[in-house]
Amino acid sequence: MENLSDVIIVGSGPAGLTAALYATRANLKTLVIAGRKWGGQLMLTTLVENYPGFPEGIQGPDLMMNMRKQAEHHGAQILDVDFKDADFTKKPFTIHTDDEKTYSSKSVIIATGAETRWLGVPGEQERIGRGVSSCAPCDAPFFRNKNAIVVGGGDSAMEEALVLTKFASSVTIVHRRGEFRASQIMQKRVKENPKIKLIFNSEIVEILGENKVEKVKIKNNQTNGISEMPIDGVFVAVGHIPNSALFQGIDRDDKGFIKVYDHTKTNIEGIYVAGDVHDAIYKQAVTAAAFGSMAALEVERALMEGKI
């Protein structure tokens, strides 16, 4: 077993790396299990314009590299290995990684984020960041005076569409069912917005274009007919999958998001959570970073008071 850490952080997106920064600056021995693909969802994005401190914007991977360097500068040890499993039944907690090593810690911060539930259709993955997005608050300004599609039928899809109307010329919501599952107030706002068009009982089956999104193929689920629609952007809003399944004994809700008790605490004393793995509402880099700082401050306080 390796040397005992004050805190092990699992995850290396904005939440995990901010937690590492705060923990190390509090003089806590900090280990980050970053993952083989470290950096979170921002590693898949291009220009980020809504993260404070960068008036000209910054590329997503550059922002994450800066966060990593800052955490390492203050003393965080970061390992590019995957979390395998853990024993949270006794202290110190032990964590096993995919390179067959074991680490122990007085506390743990889970910051593994969530993955966008993509459509899984041809042409989608290669155009993420080139017209395909899952975040209107992040990318809507890039679609000023353009036409966009939102896929989904819940509140998130309605919110995406409404945000897009502030910039786009027109927004079309495509939903596979005959009615939305969104709240009535959100449906009312969407249906009353003159920029928004609705297509029910349909789904996108392919995204087309040279180096960016140019058009989509839409299948009518009632007639099985397929039509093409010119479009500049596709916003996918069919949910997120929190990366929480590997954490045994941690309370989760019916969608898999880790339950939070008293700001950042989980149901197990000494185990904390930060970012999109518990946040099903905001899903922003800046809020994830904020949750990371909160979790680290809670760990510092608990260690200082001898509670963990």
Side-chain angles (χ1 to χ4, degrees), residues 13-14 39-67 113-152 154-175 186 189-190 193-199 204 206-218 228-240 276 281-289:
Q41 293 189 63
L42 283 184
M43 297 297 281
L44 302 175
T45 63
T46 52
L47 188 66
V48 178
E49 292 188 312
N50 60 357
Y51 198 89
F54 301 95
E56 304 296 324
I58 183 171
Q59 295 292 313
D62 292 339
L63 177 59
M64 296 318 303
M65 183 58 74
N66 287 347
M67 286 189 183
E115 301 292 334
T116 296
R117 193 187 299 275
W118 296 106
L119 303 177
V121 300
E124 179 183 46
Q125 286 298 310
E126 56 266 41
R127 292 179 181 84
I128 293 174
R130 297 178 178 177
V132 174
S133 174
S134 63
C135 180
C138 311
D139 296 333
F142 299 123
F143 293 86
R144 189 181 302 275
N145 301 323
K146 295 183 178 181
N147 302 311
I149 279 175
V150 173
V151 183
D155 279 356
S156 293
M158 306 299 111
E159 290 170 5
E160 293 278 291
L162 290 167
V163 169
L164 278 164
T165 59
K166 298 177 182 178
F167 301 92
S169 297
S170 71
V171 178
T172 302
I173 301 178
V174 177
H175 186 43
M186 293 302 294
R189 289 173 184 168
V190 161
N193 192 304
K195 281 190 174 182
I196 298 178
K197 304 171 186 177
L198 308 177
I199 299 179
I204 292 176
E206 188 173 1
I207 299 172
L208 303 166
E210 288 296 324
N211 296 314
K212 60 180 181 179
V213 173
E214 295 177 356
K215 59 184 177 180
V216 296
K217 287 185 178 180
I218 300 177
E228 289 190 357
M229 178 178 176
I231 205 73
D232 300 300
V234 177
F235 285 75
V236 179
V238 294
H240 285 75
D276 289 8
I281 300 174
Y282 301 106
K283 296 170 287 190
Q284 300 296 306
V286 69
T287 52

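No experiment lies behind these values; they were computed from the predicted model shown. FYI, side chains are in, hydrogens and waters are out, and symmetry mates aren't considered; it's all heavy atoms of this structure.
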field: Test log, rule side-chain contact (heavy atoms from CB on, under 4.5 Å), inputs V150 and V234
entry: CA-CA 6 Å; V150 173; V234 177; over 6 Å; no
Nearest-0.5 Å distance, [atom1] of residue [X] to [atom2] of residue [Y]:
X	Y	atom1	atom2	result
W118	I128	CH2	CD1	4.0 Å
Y51	I58	OH	CD1	10.0 Å
N145	D232	CG	CG	10.5 Å
L119	Q125	CG	CD	9.5 Å
S170	N193	OG	CG	11.0 Å
L162	I196	CG	CD1	4.5 Å

Check: [X] side chain, [Y] main-chain N or O, donor-acceptor pair, under 3.5 Å:
X	Y	answer
E124	I207	no
Q41	A114	yes
R144	A168	no

List for me each residue that meets side chain to side chain donor-acceptor pair (under 3.5 Å) alongside [X], sequence neighbours excluded, and say none if there are none.
X	result
E49	none
S169	none
E160	none

Could you tell me which non-hydrogen atom of [X] sits nearest to which non-hydrogen atom of [Y], and how far apart they are?
X	Y	value
N50	Q284	ND2-OE1, 3.6 Å
K283	S156	NZ-OG, 3.7 Å
V213	G233	CG1-N, 4.2 Å
A285	P14	O-CB, 3.6 Å
K195	T165	NZ-O, 2.8 Å
G152	V238	CA-CG1, 4.1 Å

**Prompt:** Under 6.0 Å between the ring centres of F167 and F142?
**Reply:** no
- Task: Would you please test D276 and E115 for side-chain contact (heavy atoms from CB on, under 4.5 Å) and show each step?
- Result: CA-CA 9 Å; D276 289 8; E115 301 292 334; over 6 Å; no
Within the 4.5 Å heavy-atom criterion, are E159 and M186 side-chain neighbours or not? yes
Before giving the answer on side-chain contact (heavy atoms from CB on, under 4.5 Å), spell out for V48 and Q59 the whole-Å C-alpha distance, their side-chain angles and the decisive distance to 0.1 Å.
CA-CA 6 Å; V48 178; Q59 295 292 313; over 6 Å; no
Applying ring-ring contact (aromatic ring centres under 6.0 Å, His included) to H240 and not counting sequence neighbours gives none
Please list, one pair per line, the donor and acceptor atoms closer than 3.5 Å that link side chains of residues 129-141 to other protein atoms, with sequence neighbours excluded.
residue	atom	partner	partner atom	Å
S133	OG	C135	N	3.0
S133	OG	D139	OD2	2.6
S134	OG	T116	OG1	3.2

Applied to residues 206-215, the salt bridge (charged side-chain N to carboxylate O under 4.0 Å, His left out) test, sequence neighbours excluded, yields E206-K217, K215-E228
**Request:** Might you work through the side-chain contact (heavy atoms from CB on, under 4.5 Å) test for I199 and I149, ending with a clear yes or no?
**Result:** CA-CA 10 Å; I199 299 179; I149 279 175; over 6 Å; no
